[in-house]
Amino acid sequence: MTSGTAFSAADPARVLADLDRLAELTSDEQGAQRLTWSEGWYTARAWLRSELDQLPVEVEEDQAGNLWATLRGESDRSIAIGSHLDSVPAGGGLDGCLGVITGLEVLRRLAAEGTPPLTVRLCDFAEEEGDQTNEPLIGSQAVRGSLDPDRLADLVTLGGRPLPEFLREQGLELERMNEATEQLRSIEAYLEIHVEQSSVLEGRGLAVGVVTGTAGAERRLVSFHGRRDHTARPMDERADALMAAARFIAELRDLTAAHGGQALSSELNLEPNMPVIVAERADLVFDVRAYEPAEVEALKVAWRELAARIAAEERVEVTDEPRWSIDAAPFHPRLLELADAAVEEVTGTTTRLGSPQLHDAGEIALAGVPTVMLFVQSIGGISHSRDEASHRDHLEAGIRAFDLLVRRTLADLEGGPLK
Ligand SMILES: [Zn+2]
């Protein structure tokens with residue numbers, strides 16, 4: 001730090017106490033209740049503001065409802081840290097809020113040291129989970145400037161309200177939300193800590209890992225069209241839509257694994273869906289995810305070839321429709337190095353893993369801001385559940401490593417933009 005005051009460090013115990021306090025305020029027996037724009041979420045926001053009020057920061061909300069706290073540095077060049085306070089209904093005690101509260105603690109540490117060399121901004125993104133309308137990452141999409149107001153205008157909230165009308169009551173205009181992208185203007189790096197929500201780190205026996213990026217995904221509806229028939233017909237003469245779908249599900253898993261990714265088949269509807277009748281139609285929703293943009297592109301071709309081959313072998317036709325997609329967001333090579341060094345210094349070792357699930361950090365990376373995330377091990381990989389938990393010493397290690405990563409990133413940026 002340049003102000004000449006002594007080095008200090010973020011205090012993990014204070015982060016854990018704040019997590020407990022937030023849980024007291026916004027959780028019940030079922031878990032965390034911080035659905036975006038609900039009473040619990042507003043309570044969480046008010047608590048965060050009361051903590052920020054004790055720091056020399058400027059607090060504002062942008063056009064998408066994201067909250068920003070800015071600690072002015074010696075330069076207007078800035079870095080951002082953050083995550084999301086919103087939770088799924090009956091969610092866990094760490095998902096999202098770990099990143100916001102660790103960021104709050106890092107601001108406390110920086111403010112105590114004096115004036116940081118660059119400006120540091122904490123962001124609490126709005127509606128990361130997407131449970132109001134099944135549209136995730138609303139706040140961070142707006143910061144990227146990629147929200148599609150026309151598409152979102154047709155969405156309906158959990159309470160059955162049209163989204164534009166609902167947002168207006170929260171003081172937000174759907175058509176203006178992408179103006180939040182001006183927040184990115186001077187941001188040269190974005191850092192986030194989050195619980196893993198899966199079991200890779202537990203499998204490796206490690207507390208903290210460096211995330212290489214968020215996965216690109218393509219979700220489609222694929223329909224196999226066969227011929228309704230009596231099941232008495234010899235098997236090699238049937239045009240069995242269900243058999244085609246079943247083969248597709250199994251082979252898609254292996255195909256996606258060969259591209260370093262993950263496949264998910266989540267919905268299957270049959271017509272008819274009865275004993276002794278060969279199904280004439282099987283509608284299947286699947287998604288394929290991978291981390292390298294080239295692998296995602298390869299999968300978009302490969303799944304189609306697989307469906308066509310199976311359809312031919314099973315004497316059925318195949319059609320498909322797009323459902324949803326997102327680009328892979330690889331994180332920044334220099335920040336990955338800095339994150340590895342910080343994790344290794346704190347835990348004695350480091351490891352890298354991809355994030356199959358979406359995060360605000362992915363949107364910020366796709367906006368062109370150098371980005372990296374740390375994951376803290378989740379016990380049993382459980383998340384989006386009140387049983388979500390991490391070992392206390394793993395959380396402490398993650399918080400320390402993140403604080404060190406912020407320090408190192410600021411030092412690196414003092415020499416110029418990241419390379
Ligand atoms: Zn989250």
Side-chain angles (χ1 to χ4, degrees), residues 88-89 129-137 148 150-158 160 162-163 198 214-290 295-328 356-358 384:
V88 299
E129 299 289 0
D131 289 299
Q132 278 291 0
T133 57
N134 281 330
E135 177 73 19
L137 308 172
D148 181 350
D150 292 341
R151 186 170 61 80
L152 266 64
D154 295 333
L155 299 181
V156 174
T157 67
L158 261 189
L163 183 62
S198 185
T214 56
E218 177 163 70
R219 183 176 301 155
R220 296 190 86 89
L221 167 72
V222 62
S223 300
F224 293 99
H225 308 265
R227 189 181 62 243
R228 182 184 169 121
D229 218 337
H230 198 292
T231 49
R233 183 177 294 277
M235 290 193 287
D236 62 358
E237 289 179 15
R238 292 179 200 161
D240 183 346
L242 173 57
M243 182 59 73
R247 288 187 55 196
F248 180 76
I249 291 168
E251 292 193 39
L252 185 69
R253 178 186 63 181
D254 301 341
L255 175 79
T256 311
H259 287 271
Q262 241 169 275
L264 173 72
S265 300
S266 54
E267 275 179 63
L268 177 63
N269 290 297
L270 301 177
E271 184 53 45
N273 190 11
M274 294 176 71
V276 299
I277 305 176
V278 173
E280 68 179 345
R281 179 166 176 152
D283 290 333
L284 171 71
V285 177
F286 71 92
D287 85 47
V288 285
R289 310 185 164 208
E295 298 288 10
V296 179
E297 291 311 307
L299 274 170
K300 287 180 184 174
V301 177
W303 81 258
R304 200 175 280 285
E305 290 171 354
L306 173 67
R309 174 172 61 75
I310 291 171
E313 289 170 6
E314 296 297 333
R315 300 165 293 280
V316 302
E317 302 290 319
V318 60
T319 58
D320 69 277
E321 290 172 17
R323 278 296 164 91
W324 170 78
S325 68
I326 191 166
D327 291 330
Q357 66 276 58
L358 308 175
H384 284 183

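In this structure, the side chains of E218 and R323 stay at 4.5 Å or more apart for every pair of heavy atoms. Taking the side chain as every heavy atom from C-beta outward, I249 and L284 approach each other to under 4.5 Å. Contact annotation: the side chain of V285 approaches that of R219 to within less than 4.5 Å [non-hydrogen atoms, C-beta and beyond]. Between V301 and E305 the shortest side-chain heavy-atom distance falls below 4.5 Å. Side-chain contact between R233 and H230 is absent, with no heavy-atom pair separated by less than 4.5 Å. Using a 4.5 Å cut-off on side-chain heavy atoms (C-beta onward), V288 and L264 make no contact. Annotation: side chain of W303 is in contact with side chain of R220 (closest heavy-atom distance under 4.5 Å). Side-chain contact between V276 and T231 is present, with at least one heavy-atom pair separated by less than 4.5 Å.
Interatomic distance, CG of L306 versus OG1 of T256, reported as 8.5 Å (0.5 Å rounding). To the nearest 0.5 Å, atom OG1 of residue T133 and atom CG of residue L158 are 8.5 Å apart. The structure places CG of N134 at 11.0 Å from OG1 of T157, a figure rounded to the nearest 0.5 Å. E280 CD to L242 CG: the interatomic distance, rounded to the nearest 0.5 Å, is 13.0 Å. Atom CZ of residue F224 and atom CD of residue E317 lie 11.5 Å apart, to the nearest 0.5 angstrom.
No donor-acceptor pair closer than 3.5 Å links the side chain of R281 to the backbone N or O of P272.
Looking at every heavy atom in both residues, D283 comes nearest to S223 through OD1-OG, 2.6 Å. Minimum heavy-atom separation, F248 to A307: CE1-CB, 3.7 Å. The nearest pair of heavy atoms linking L155 to E135 is CD1-CB, 3.8 Å. Residues H259 and L255 share a closest heavy-atom pair of CD2-O, 3.2 Å. Looking at every heavy atom in both residues, A290 comes nearest to V296 through O-CG2, 3.5 Å. Between L299 and R289, the closest heavy-atom pair is CD1-O, 4.2 Å.
In this structure, Q357 places its CD atom where more than 12 heavy-atom neighbours from other residues, nucleotides or ligands lie under 6.0 Å away. Around CZ of R253, the count of heavy atoms belonging to other residues, nucleotides or ligands within 6.0 Å does not exceed 12. Residue D320 qualifies as enclosed at atom CG: its count of foreign heavy atoms under 6.0 Å is above 12. Annotation: R228, atom CZ; neighbour count of heavy atoms from other residues, nucleotides and ligands within 6.0 Å does not exceed 12.
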Next item on the list: Quick one: do V316 and H225 satisfy side-chain contact (heavy atoms from CB on, under 4.5 Å)? Show the steps, please.
Entry: CA-CA 5 Å; V316 302; H225 308 265; 5.7 Å; no
Margin query: Please evaluate residues E267 and F286 with respect to the criterion side-chain contact (heavy atoms from CB on, under 4.5 Å), reporting the C-alpha separation (whole Å), side-chain torsions for both, the decisive distance (0.1 Å), and the verdict.
Written below: CA-CA 7 Å; E267 275 179 63; F286 71 92; over 6 Å; no
Next item on the list: Carefully, step by step, assess R238 and M235 under the rule side-chain contact (heavy atoms from CB on, under 4.5 Å).
Entry: CA-CA 5 Å; R238 292 179 200 161; M235 290 193 287; 3.6 Å; yes
Notebook entry, point to check: For V156 and L163, what are the C-alpha separation, side-chain angles and deciding distance, and is it a side-chain contact (heavy atoms from CB on, under 4.5 Å)?
Noted result: CA-CA 5 Å; V156 174; L163 183 62; over 6 Å; no
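Salt bridge annotation for E251-R309: present, with a cationic side-chain nitrogen under 4.0 angstrom from a carboxylate oxygen.
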